[in-house]
Amino acid sequence: MPFVLFARHQAPLSLRVLCITSQAQWRFLASLCTCVLSDADPPQLPSLDKEHFVSVLRRSGSLRQLKKIHGLLLTTGYSRKDSLLTELLEALLRLKEMPYARQLFDEMRKPRTYLWNILVRGYVRSEIYVEALGVYGLMHRTGFPPDNFTFPFVIKTCTQLSAVWGGLQVHTLIVKLGVEFDTIVRTELMIMYAKFGNSISADYLFDTTGDKDLIFWNALIAVYQQNGRADKALDLFRRMEDEGLVPDSVTLACVLSCCAYLGSLEMGMQIDRQIVFVEMPVRNVVSWSTMIGGYAVNGESNKALALFSEMHKEGLQPNHVTFLSVLSACSHAGLVNEGRYYFNLILKADKLRPRLEHYACMVDLLARSGHLEEAYNFITRMPIDPDAGVWGALLGACTVYQNIELGQQVADKVLSLAPDASSYHVLISNIYASAGRWEDVERVRKQMEEKYVKKVASYSSVELNGKIHVFHRAEMSHSQSGRIYKLLEELMRCARSKGYTPKTSVVLHDMEEEEKESVLGTHSEKLAIAFGLINLPPELPIRVIKNLRICSDCHTFSKFVSGIVGREIVIRDKIRFHHFQNGDCSCKDFW
DNA sequence: TTAGGGTTAG
């Protein structure tokens, strides 16, 4: 039998690796194992077999295969079985076959700390955080103290679960066990505190870490970027360079995203020679996607799409984020046909399948361009269950087109999927309000009260000398309120003389016209713009960040003001950037 | 044999 021959005389390595790719080769492996079993004295076989097993395990793609291997392992009695079982455990965890993995783990003899760590890692990687904590606790109770390998997983778990108290307890234990100076443990702790909003502890960890390596710096830059503190992230980036560290692609991806967030890619790119895109040391999918998304959110859809085809020419495979950015570019410009084209590209892509967010983006594009029915049919034909986000996109468009009938139908779906989300309640109430159905508005308001759903208060902010000034509607408490309202009055007069009329229909309350006008006039966007005009040097654009979507009256007003004062006004709302200049907006009134 | 950082729509 040739198999036996191979087995006995050590098959060449290439053959061993080859042995695992097809059905026939599976049969080969099975025969090989049969030989092992039937051999009365198999002393030389294990070394050959182990490599086979490991090789097969590392390439296995299904539970069925792994179960088969497990069976073989159980019937083969040899000395290195423990290490193979560990390999098997890792393979199961990689495939997220948690119940089977757990069963195997429980059956394994004398688990070592290493093995416990592998199990915790498996749960963390599968994002099953509560179980991860459970295993960590069990590990303790069973007498295996966690070590410097365990902690990064556990801290990450606390971060994900927003377990502030648990995180503190873990930190205490880390100090007690003396692993607090481990760089990796410190990195995770710092991320945890930063994400909890405890910047004092995060800064303390940062300042007291002597040897900050690149990943350590990147971690904090990333957290600031994710928390919307682009300014702090960029400061940190400059400090890092001052200290002589060379940024890598991860640093640059964060920094690029910060520039996009600050609203001026051009300006952002000049911040430092490192981030001019063409000179970027590492151009990978992430940096391309970031750039495409940056252009998309700034309304430069053509540039975004051009960048996408350029990326394609360079032979890089777009990933799901790239496509999301591309679809978002189409959606911001109302490019329906292009959107359909790119969505089809995802369907055709080998390793990609459209996710919920792609569907939501597509629904938004279709519906907001007026194809409400097509959007509805698109949802009903989805191969995966639509979530509140997908229906919500359609609901938003129903508000824009004041389609109450469809809106009501969609509202039911949205509320059944996300009963406690305040933004959807507000959308629904807006649909009724814009149709003047005040009784229904009141009903939704009562529902919100009953469910303790709170409406998010809208506010706008402007940064001045590193300090963020926040304005709420009709705010009078700012030290400059007097000047702000006076300037607003003047601007309002001027705008009216040039043809501006307050769009009172956006005031979704039952009140008199005059009252509506006065409500409109004190919207937080307008206050923030006036504050910016008073305080920012004339050469700088007025940058306003709004937490919700900009109101359409403020949008019109901003266009007028940009023409009157001859300055650029940039408003970044929850959805995108609006660049107002000479009486026009970059969104071309489609948003 | 194990560990830390990245892009994301509405």
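Bear in mind that the values here come from a model prediction, so they are computed numbers and not experimental data. In what follows, every chain begins at residue 1, and chains take the letters A, B, ... in the order their sequences are listed.
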Which residues in residues 363-377 of chain A have a heavy atom closer than 4.0 Å to any atom of DNA chain B?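 Those residues are A:Asp364.
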Return the residues of residues 322-346 of chain A meeting this criterion: a heavy atom under 4.0 Å from some atom of DNA chain B. Order them by number, or give none.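 Per residue number, the list reads A:Leu324, A:Ser328, A:Ser331, A:His332.
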Listing request: all side-chain hydrogen bond (donor to acceptor under 3.5 Å, both in side chains) pairs with a residue in residues 384-394 of chain A, at least two apart in sequence or in separate chains.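 Matches after skipping sequence neighbours: none remain.
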Let's test your reading of the model: under 3.5 Å, does the base of B:dT2 pair with the side chain of A:Tyr114 as donor and acceptor?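 Per atom types, no contact qualifies.
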Heavy-atom donor-acceptor pair, A:Asp213 side-chain to B:dG4 base, under 3.5 Å: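 By the distance-only test, yes, there is a pair.
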Determine whether the aromatic ring centres of residues [Y] and [X] are separated by less than 6.0 angstrom.
X	Y	result
A:His171	A:Tyr193	yes
A:Phe378	A:Phe343	yes
A:Phe149	A:Trp116	no

Would you please confirm or rule out a distance under 4.0 Å between OP1 or OP2 of B:dT8 and any side-chain N or O of A:Gln226?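 No, outside the criterion.
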According to a strict under-4.0 Å criterion, is A:Arg576 in side-chain N/O contact with OP1 or OP2 of B:dG10?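 For B:dG10, neither OP1 nor OP2 has a side-chain N or O of A:Arg576 closer than 4.0 Å.
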Less than 4.0 Å between a side-chain N and a carboxylate O, is that true for [Y] and [X]?
X	Y	answer
A:Arg238	A:Asp235	yes
A:Lys303	A:Glu310	no
A:Glu90	A:Arg121	yes

Heavy-atom distance under 4.5 Å between the side chains of A:Arg368 and A:Ser331, does that happen here?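 Yes - at least one pair of side-chain heavy atoms lies under 4.5 Å apart.
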Interatomic distance where [atom1] belongs to [X] and [atom2] belongs to [N] [whole Å]:
X	N	atom1	atom2	value
A:Leu220	B:dG4	CG	P	18 Å
A:Lys212	B:dG4	NZ	C1'	16 Å
A:Asn148	B:dT2	CG	P	12 Å

